[in-house]
Amino acid sequence: MSETPPETPGTPDFDAMARDIAEVPAVEVIVTVAVNLMSAAAVKLGLTEEGDTYKDLDEARKLVHALAGLLDASATEISSFHAAPLRDGLKSLQLAFREASLVPDEPGQGPGEKYTGPLYS
């Protein structure tokens with residue numbers, strides 16, 4: 001007979017985590033992931049208090065692109081109440097990326113523009 005090993009400090013309780021996540025509506029999970037992507041992109045764009053300390057445009061491009069893909073894929077699943085501010089935040093990040101780039105991308109080639117369409121600054 002197999003016993004569940006005792007939980008030790010620092011070891012996550014995966015059963016409890018699964019129960020917790022099961023109670024969260026999908027819209028809330030999507031919005032939380034989007035906000036985390038936005039926050040990470042802002043850091044990588046140097047838009048936080050730390051400024052350029054963590055600035056990395058290659059990483060920012062990936063995060064903005066992933067955010068745009070998530071918002072595009074979930075557009076019909078989340079209400080405009082949730083989607084509108086997320087789209088506004090995405091556009092702000094895309095514009096910040098364009099401003100931070102030494103050699104700006106052509107309209108339609110910037111991060112996430114595959115999903116949002118060309119962005120003109």
Side-chain angles (χ1 to χ4, degrees):
M1 181 161 85
S2 169
E3 285 187 34
T4 304
E7 188 173 332
T8 58
T11 303
D13 179 358
F14 292 109
D15 291 336
M17 289 169 52
R19 280 191 304 276
D20 290 345
I21 200 72
E23 297 172 8
V24 179
V27 170
E28 193 171 321
V29 173
I30 293 167
V31 169
T32 300
V33 170
V35 169
N36 284 330
L37 287 168
M38 286 181 154
S39 298
V43 169
K44 297 296 184 178
L45 284 167
L47 302 176
T48 60
E49 271 184 26
E50 295 85 10
D52 289 347
T53 304
Y54 303 108
K55 189 173 184 177
D56 183 334
L57 294 183
D58 184 50
E59 291 289 302
R61 175 184 293 278
K62 293 170 188 171
L63 291 163
V64 172
H65 189 76
L67 174 62
L70 174 64
L71 295 182
D72 182 58
S74 62
T76 59
E77 306 301 325
I78 60 176
S79 67
S80 60
F81 173 79
H82 295 292
L86 294 174
R87 282 192 302 266
D88 290 345
L90 170 60
K91 184 174 181 180
S92 294
L93 290 169
Q94 288 173 309
L95 288 170
F97 184 91
R98 190 169 288 281
E99 288 177 20
S101 297
L102 295 176
V103 180
D105 295 312
E106 291 294 320
Q109 301 302 308
E113 291 181 35
K114 168 183 176 180
Y115 301 106
T116 63
L119 187 67
Y120 302 93
S121 42

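The figures here come from the full heavy-atom set of this structure, side chains too, leaving out hydrogens, waters and symmetry mates.
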Let me check something: do Tyr54 and Leu47 share a hydrophobic cluster, defined by ILVMFWY side-chain heavy atoms less than 4.5 Å apart, either directly or through other members?
no
Where Leu95 and Tyr120 come nearest, the two heavy atoms and their spacing:
CD2-O, 4.3 Å
Using a 4.5 Å cut-off on heavy atoms from C-beta on, say whether the side chain of Ser39 contacts that of Val35.
yes
Would you indicate whether the side-chain heavy atoms of Pro111 and Leu67 approach each other to under 4.5 Å?
no
With a 4.5 Å cut-off on side-chain heavy atoms, are Leu86 and Met38 touching?
yes
With rounding to the nearest 0.5 angstrom, report the NE2 to OG1 distance, His65 to Thr116.
10.0 Å
Are Val24 and Asp20 side-chain neighbours, meaning at least one heavy-atom pair lies under 4.5 Å?
no
Could you give the distance from CZ (Arg61) to CD (Gln94), rounded to the nearest 0.5 Å?
11.0 Å
Measure across Ala68 and Gly112 and return the closest heavy-atom pair with its distance rounded to 0.1 Å.
CB-CA, 3.4 Å
Can you establish whether the number of heavy atoms outside Glu50 located under 6.0 Å from its atom CD is more than 12?
yes
Search all heavy atoms of Asp52 against all heavy atoms of Gly46 and return the closest pair with its distance.
OD1-CA, 4.4 Å
Taking the side chain as every heavy atom from C-beta outward, state whether Glu113 and Asp105 have any pair of such atoms under 4.5 Å apart.
no
Of the options Val31, Val29, Ile30, which is the one that meets Val27 in a side-chain contact (heavy atoms from CB on, under 4.5 Å)?
Val31
For residues Leu102 and Leu57, determine if any side-chain heavy atom of one lies less than 4.5 Å from a side-chain heavy atom of the other.
no
Would you say the side chain of Leu45 lies within less than 4.5 Å of the side chain of Leu63, judging by non-hydrogen atoms?
no
Heavy-atom pair of closest approach, residues Tyr115 and Asp72
CD2-OD2, 3.5 Å
Kindly give the heavy-atom pair with the smallest separation between Pro107 and Arg98, and that separation in Å.
CA-NH2, 4.0 Å
For Ala34 and Leu71, which heavy atoms make the closest approach, and how far apart are they?
CB-CD2, 4.3 Å
